[in-house]
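Here the structure is laid out as structure tokens; the discussion comes afterwards.
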Amino acid sequence: MPVVRQYFAGLAAAFGAFCLGASIGWTGPMEPPIKSGKAYKFTVSGDSWGWISSMLTFGAACMCIPVGILIAKYGRRLIMLFICIPYLIGWGLILGAQHSAMLYIGRFIVGACGGSFCVMAPVYTTEIAQLSVRGAMGCFFQLMIVHGILYGFVVGAYCDPLVVNILCTILPLLFVLFMFWMPESPVFLAQQGETEKAAKALKWLRGDNVDVSGELNTIIADSKKETASFKEAFSRKVTLKGLGIAITLMLLQQLTGVNAILFYATSIFIQAGTNLSADVSTIIIGLVQVVATIAAILLVEKAGRKLLLLISAIVMGATTLIMGCYFEWLKKKDVGWLPILAISLFIVGFSLGFGPVPWLIMAELFSEDVKPVCGAIVGTSSWLFAFCVTKLFPVTLDAIGPAFTFWIFTIFAVLGCVFVIFFVPETKNKPLDDIQALLSGK
């Protein structure tokens with residue numbers, strides 16, 4: 001099958017998201033041993049742990065714009081491979097931490113490198129994918145993130161903290177092993193005037209017996225447009241509208257509470273007093289997320305982007321409402337299974353829509369000449385929102401309690417429904433020109 005090579009290349013690039021997911025999953029099960037002093041020769045306070053958790057998202061926010069500039073100048077594949085060097089340095093600091101400051105710096109570096117893939121992997125994947133599989137391949141990023149989160153949950157629950165850190169440190173090396181054999185993006189090669197290399201890469205991706213001349217001519221024509229500057233990108237109404245939609249989707253993605261739940265999953269289940277151990281409950285959440293994301297990939301080209309986003313928002317709103325009710329009125333009753341069920345359904349809802357679809361839409365809304373700039377802006381916005389949520393979640397829990405905290409997430413899920421219905425365009429099976437026309441109101 002011609003698409004198999006595209007899948008291999010897309011999954012190889014998306015393995016960077018697996019590395020990022022493992023960094024996210026690391027946070028939940030590692031909280032108790034680090035706070036207690038079992039993991040290192042030092043302990044940390046609750047406030048310090050909040051900073052250690054959120055430094056990953058802050059690092060990611062700081063790197064999205066620089067990496068957007070780098071991939072536009074030096075290529076998608078090359079920068080993805082180069083990023084693994086500081087990635088290893090970050091995990092090395094976490095592995096050999098002698099003071100909490102080393103954890104802060106290590107988590108910041110790991111976040112900066114992992115967050116880079118939020119820009120690099122979706123751009124690379126959409127540029128190598130043919131139209132018929134673009135939607136499914138656009139979900140590879142989220143698919144690998146959730147597998148990485150599950151990986152972090154499992155090794156964190158059943159391995160010694162030192163082993164956990166080692167098993168996370170080796171992941172960037174595996175990425176290099178996978179990505180080294182993949183071609184550079186044909187779009188980037190065409191933009192650099194490397195027509196023969198672009199044809200060779202496209203031939204490898206589409207199959208040796210496939211005529212790629214028509215697609216190559218289209219890519220070459222598009223490549224003659226110079227990459228837009230920030231000023232040029234913001235001067236187009238269609239680009240501004242696309243940015244508004246993409247950034248708002250990222251804002252809603254975070255304010256419905258997903259990273260607060262994933263980063264603090266273990267402590268949430270401890271506080272909820274579930275019938276299962278907190279570690280087992282956390283792993284169940286990771287498994288549910290993987291299954292639901294696979295379902296989303298199968299559905300995204302059939303159901304469409306808008307329908308999946310709408311279902312996602314409804315499910316997340318209902319389940320965070322239930323979690324608030326549990327903490328306010330039902331915690332003392334014999335319903336310890338309810339938090340596990342509610343959070344599992346929340347993860348199903350998120351993974352079906354607001355997990356993968358905003359990243360897919362981000363890669364679909366923008367023309368090729370503004371995609372690196374706009375992708376960087378949207379990625380930065382997403383991680384800044386994630387930083388605010390992960391840092392403020394424990395503070396909000398202490399200030400107003402878990403019930404009202406979860407009800408705040410419910411309100412944003414309702415707002416998400418409204419936004420999707422009235423403002424998000426359907427991009428399923430639409431070429432770029434049609435999407436741009438749709439945004440311009442034509």
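Only a predicted model underlies this, so the values are computations on that prediction, with no experimental measurement involved.
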Measure across [X] and [Y] and return the closest heavy-atom pair with its distance rounded to 0.1 Å.
{"X": "Pro29", "Y": "Phe153", "value": "CD-CD2, 4.0 Å"}
{"X": "Val378", "Y": "Ala246", "value": "CG2-CB, 3.7 Å"}
{"X": "Thr293", "Y": "Leu143", "value": "CG2-CA, 3.5 Å"}
{"X": "Gln253", "Y": "Gly355", "value": "NE2-O, 3.3 Å"}
{"X": "Ser53", "Y": "Thr27", "value": "OG-CG2, 3.2 Å"}
{"X": "Val119", "Y": "Gly68", "value": "CG1-CA, 4.2 Å"}

* Does Leu310 have any side chain to side chain contact (heavy atoms under 4.5 Å, CB included) partners at least two apart in sequence or in another chain, and if so, which? -> Ile314, Cys417, Val420, Ile421
In Å, rounded to the nearest 0.5 Å, how long is the span from [atom1] of [X] to [atom2] of [Y]?
{"X": "Lys306", "Y": "Phe423", "atom1": "NZ", "atom2": "CZ", "value": "10.0 Å"}
{"X": "Lys430", "Y": "Gln436", "atom1": "NZ", "atom2": "CD", "value": "13.5 Å"}
{"X": "Ile377", "Y": "Met250", "atom1": "CD1", "atom2": "CE", "value": "12.5 Å"}
{"X": "Ile347", "Y": "Ile149", "atom1": "CD1", "atom2": "CD1", "value": "8.0 Å"}
{"X": "Ile69", "Y": "Tyr74", "atom1": "CD1", "atom2": "OH", "value": "11.0 Å"}
{"X": "Phe366", "Y": "Ile361", "atom1": "CZ", "atom2": "CD1", "value": "10.5 Å"}

* To do: Please report the C-alpha distance between Ile128 and Met137 in whole Å, then the side-chain angles of each, then the deciding distance to 0.1 Å, and finally whether the side-chain contact (heavy atoms from CB on, under 4.5 Å) criterion is met.
  => CA-CA 10 Å; Ile128 66 169; Met137 288 183 62; 4.0 Å; yes
Is the side chain of [X] donor-acceptor paired with the backbone N or O of [Y] at a distance under 3.5 Å, no angle test?
{"X": "Lys428", "Y": "Lys302", "result": "yes"}
{"X": "Arg76", "Y": "Val123", "result": "no"}
{"X": "Arg107", "Y": "Ile52", "result": "yes"}
{"X": "Ser36", "Y": "Pro33", "result": "yes"}
{"X": "Gln191", "Y": "Pro186", "result": "no"}
{"X": "Gln289", "Y": "Val146", "result": "no"}

Show me the donor-acceptor pairs within less than 3.5 Å that the side chains of residues 81-99 make with the rest of the protein, sequence neighbours left out.
unit_1	atom_1	unit_2	atom_2	d
Tyr87	OH	Leu20	N	3.2
Gln98	NE2	Gly96	O	3.3
His99	ND1	Ala101	N	2.9

With [X], which residues qualify under side chain to side chain donor-acceptor pair (under 3.5 Å), at least two apart?
{"X": "Ser45", "answer": "Ser48"}
{"X": "Tyr151", "answer": "none"}
{"X": "Lys35", "answer": "Glu31"}
{"X": "Thr320", "answer": "Thr410"}

* Could you pull out all residues at least two apart from Phe385 that satisfy ring pair (Phe, Tyr, Trp, His ring centres under 6.0 Å)? => none
* To do: Not counting sequence neighbours, which residues clear ring pair (Phe, Tyr, Trp, His ring centres under 6.0 Å) with Tyr104? List them please.
  => none
Do [X] and [Y] have side chains that get closer than 4.5 Å, going by heavy atoms?
{"X": "Leu56", "Y": "Ile24", "answer": "yes"}
{"X": "Ser440", "Y": "Lys237", "answer": "no"}
{"X": "Phe117", "Y": "Cys19", "answer": "no"}
{"X": "Glu328", "Y": "Trp407", "answer": "yes"}
{"X": "Val335", "Y": "Trp337", "answer": "yes"}
{"X": "Phe354", "Y": "Leu309", "answer": "yes"}
{"X": "Ile322", "Y": "Leu345", "answer": "no"}
{"X": "Leu439", "Y": "Ile245", "answer": "yes"}

* Over 12 foreign heavy atoms within 6.0 Å of CZ, Phe42 -> yes
* side-chain contact (heavy atoms from CB on, under 4.5 Å) evaluation trace for Thr319 with Ile343 -> CA-CA 7 Å; Thr319 50; Ile343 296 297; over 6 Å; no
* Using the benzene-type ring in the case of Trp, are the ring centres of Tyr7 and Phe140 under 6.0 Å apart? -> yes
* **Set of salt bridge (Lys or Arg N to Asp or Glu O under 4.0 Å) partners for Glu364, sequence neighbours left out** => Arg134, Arg305
* To do: Please name all residues satisfying salt bridge (Lys or Arg N to Asp or Glu O under 4.0 Å) with Glu184, sequence neighbours left out, ordered by chain then number.
  => none
Counting only pairs under 3.5 Å, give me each side-chain donor-acceptor contact of residues 158-177, with atom names and distances, residues two or more places apart or in other chains.
unit_1	atom_1	unit_2	atom_2	d
Asp160	OD2	Leu162	N	3.1
Asn165	OD1	Trp26	NE1	2.8
Asn165	ND2	Tyr40	OH	3.1
Thr169	OG1	Asn165	O	2.6

* When you look at Cys113 and Ile109, which way does the side-chain contact (heavy atoms from CB on, under 4.5 Å) test go after all the steps? -> CA-CA 6 Å; Cys113 297; Ile109 295 173; 4.2 Å; yes
* Which of parallel (below 30°), tilted (30 to 60°) and perpendicular (above 60°) describes Phe18 and Phe15? -> parallel
Throw together a table of side-chain donor-acceptor distances under 3.5 angstrom for residues 279-287, partners on residues two or more places apart or in other chains.
unit_1	atom_1	unit_2	atom_2	d
Ser281	OG	Ser277	O	3.0
Thr282	OG1	Thr266	OG1	3.2
Thr282	OG1	Ala278	O	2.7

* **side-chain contact (heavy atoms from CB on, under 4.5 Å) evaluation trace for Met323 with Phe409** => CA-CA 10 Å; Met323 282 297 293; Phe409 295 150; over 6 Å; no
